[in-house]
Amino acid sequence: MTMMLPLEDVDPTIFQLVQRETQRQEDGLELIASENFTSRAVMDAMGSPLTNKYAEGYPRKRYYGGCEVVDEVEQLAIDRALQLFGADHANVQPHAGSQANLTAYLAVLQPGERLMGMALTHGGHLTHGHKVNHSGIIFDSVQYGVDEATGLIDMGQVREMALRERPKLLIAGSSAYPRVIDFAAFADVAREIDAVFLVDMAHFAGLVAGGHYPTPVDHADIVTSTTHKTLRGPRGGFILCREEFTKAVDKSVFPGGQGGPLEHVIAAKAVGFGEALQPAFKEYGAQVIRNAQRLGEVLAENGYDLVSGGTDSHLILVDLRKKDFTGKDGEAALGRAGIHVNKNTVPGDPRSPFVTSGLRIGTPALTTRGMGEDEMSQIADFITRVLGSPDDETVEAVSAEVLELTEGFPLYTSSATT
Ligand code: DSN
């Protein structure tokens with residue numbers, strides 16, 4: 001019986017891969033805007049025997065016996081989400097952001113009905129109605145973008161399109177929009193056309209929790225999110241809504257879309273929400289934004305264009321159209337130096353999403369490691385050097401400096417993580 005043996009003994013191959021990935025995370029500069037480093041406490045909850053329990057249904061209304069403990073766990077996750085974001089109702093079961101979105105849409109729309117979200121190529125998200133995603137296949141999707149000259153959402157254009165297209169669901173939220181979204185203005189448009197208003201706050205949920213980004217909860221009928229980006233919890237999703245949508249949302253998640261909830265992940269969500277309720281998390285969010293702003297300022301000084309000219313959030317979007325290389329080339333060159341970013345389309349991008357003319361760079365993960373503005377200036381210079389001359393000599397020199405920098409901010413090898 002190998003039940004109680006550690007991974008190292010049971011499956012050395014997977015153990016080694018986990019070790020290698022942990023080392024990769026320790027050694028590199030993680031600047032992918034949707035990533036973060038969660039705490040040991042969150043991972044302990046995720047790696048617990050709660051994974052064994054089936055609990056279809058909701059606390060005190062389950063289809064299985066023996067749910068008295070996981071009921072308490074799930075209720076705590078719900079209570080903490082509500083304490084953090086102040087909504088009427090929370091459903092903490094969605095396995096990820098995509099599931100949260102699809103089940104939320106199906107709570108208020110019939111297949112074939114119209115939704116309107118921001119185009120992926122303009123900073124929206126695949127699940128906001130892209131034609132290859134279920135959100136664009138099941139529903140009749142129309143997409144708005146940003147003003148290509150300013151990189152900003154033009155609420156006049158959004159309103160005009162909404163009045164013309166009359167979607168039943170209006171979606172705000174983004175995965176590559178550096179600025180604050182005017183939720184009150186979106187809510188006004190939704191009211192004018194009698195649409196349900198949904199905000200996907202996955203990217204900036206941690207900033208909302210810390211009070212550094214306007215809360216969508218006061219304006220939206222439904223708010224979807226992930227727990228693992230700026231919010232720094234386990235990989236997962238959740239939905240907040242007004243009282244009147246409670247039943248429809250809960251029914252859509254289960255039995256509509258999912259089966260047994262992942263109670264080990266829900267326990268980890270509760271831990272993550274609990275951490276986000278601590279005063280230190282507020283300071284963390286402020287530092288995330290200061291870091292993104294510093295990174296953007298130095299890159300701009302070094303000759304890089306930023307979409308919208310800067311950022312109010314955790315990410316910047318670098319526009320490479322005036323440079324002679326693509327987002328794909330940039331991502332690859334920086335990756336060789338241990339600097340991890342992702343290629344991203346910029347508004348009006350002539351290149352495909354596989355190539356792109358942009359780089360999305362975010363600071364949630366490195367801020368968790370304890371890095372501040374001085375390190376961001378240094379990293380902007382690393383990026384400038386590699387993108388300026390991506391030859392082996394430069395990449396090797398920068399790699400060595402990256403390693404030296406990351407060694408000063410240990411991640412899981414010590415308890416230094418904030
Ligand atoms: N893929 C995530 C991101 O990087 O923004 C969103 O799902």
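In listed order, ligands and their atoms are each counted from 1.
Under 4.0 Å from ligand 1, not a single heavy atom of His228 appears.
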Donor-acceptor pairs under 3.5 Å, side chain of residues 40-50 to any protein atom, not counting sequence neighbours: which ones?
residue, atom, partner, partner atom, Å
Arg40, NH2, Tyr412, O, 3.4
Ser48, OG, Ala45, O, 2.7
Ser48, OG, Leu50, N, 3.4

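Heavy-atom separations between His125 and ligand 1 include at least one value shorter than 4.0 Å.
Looking at atom 5 (O) of ligand 1, its nearest protein heavy atom turns out to be His203 NE2, 2.7 Å.
Using a distance-only test at 3.5 Å, with no hydrogens or angles considered, no donor-acceptor pair links the side chain of His130 to the main chain of Ser135.
For ligand 1, the polar-atom distance check finds no N/O of Ser175 at less than 3.5 Å from any of the ligand's N/O atoms.
Applying the salt bridge (charged side-chain N to carboxylate O under 4.0 Å, His left out) test to pairs two or more places apart or on separate chains, those with a residue in residues 71-82 are Arg62-Asp71, Arg62-Glu74.
Ring geometry for Tyr105 against Phe139 counts as perpendicular: the plane angle is over 60°, on a 0 to 90° scale with 30° as the lower cut.
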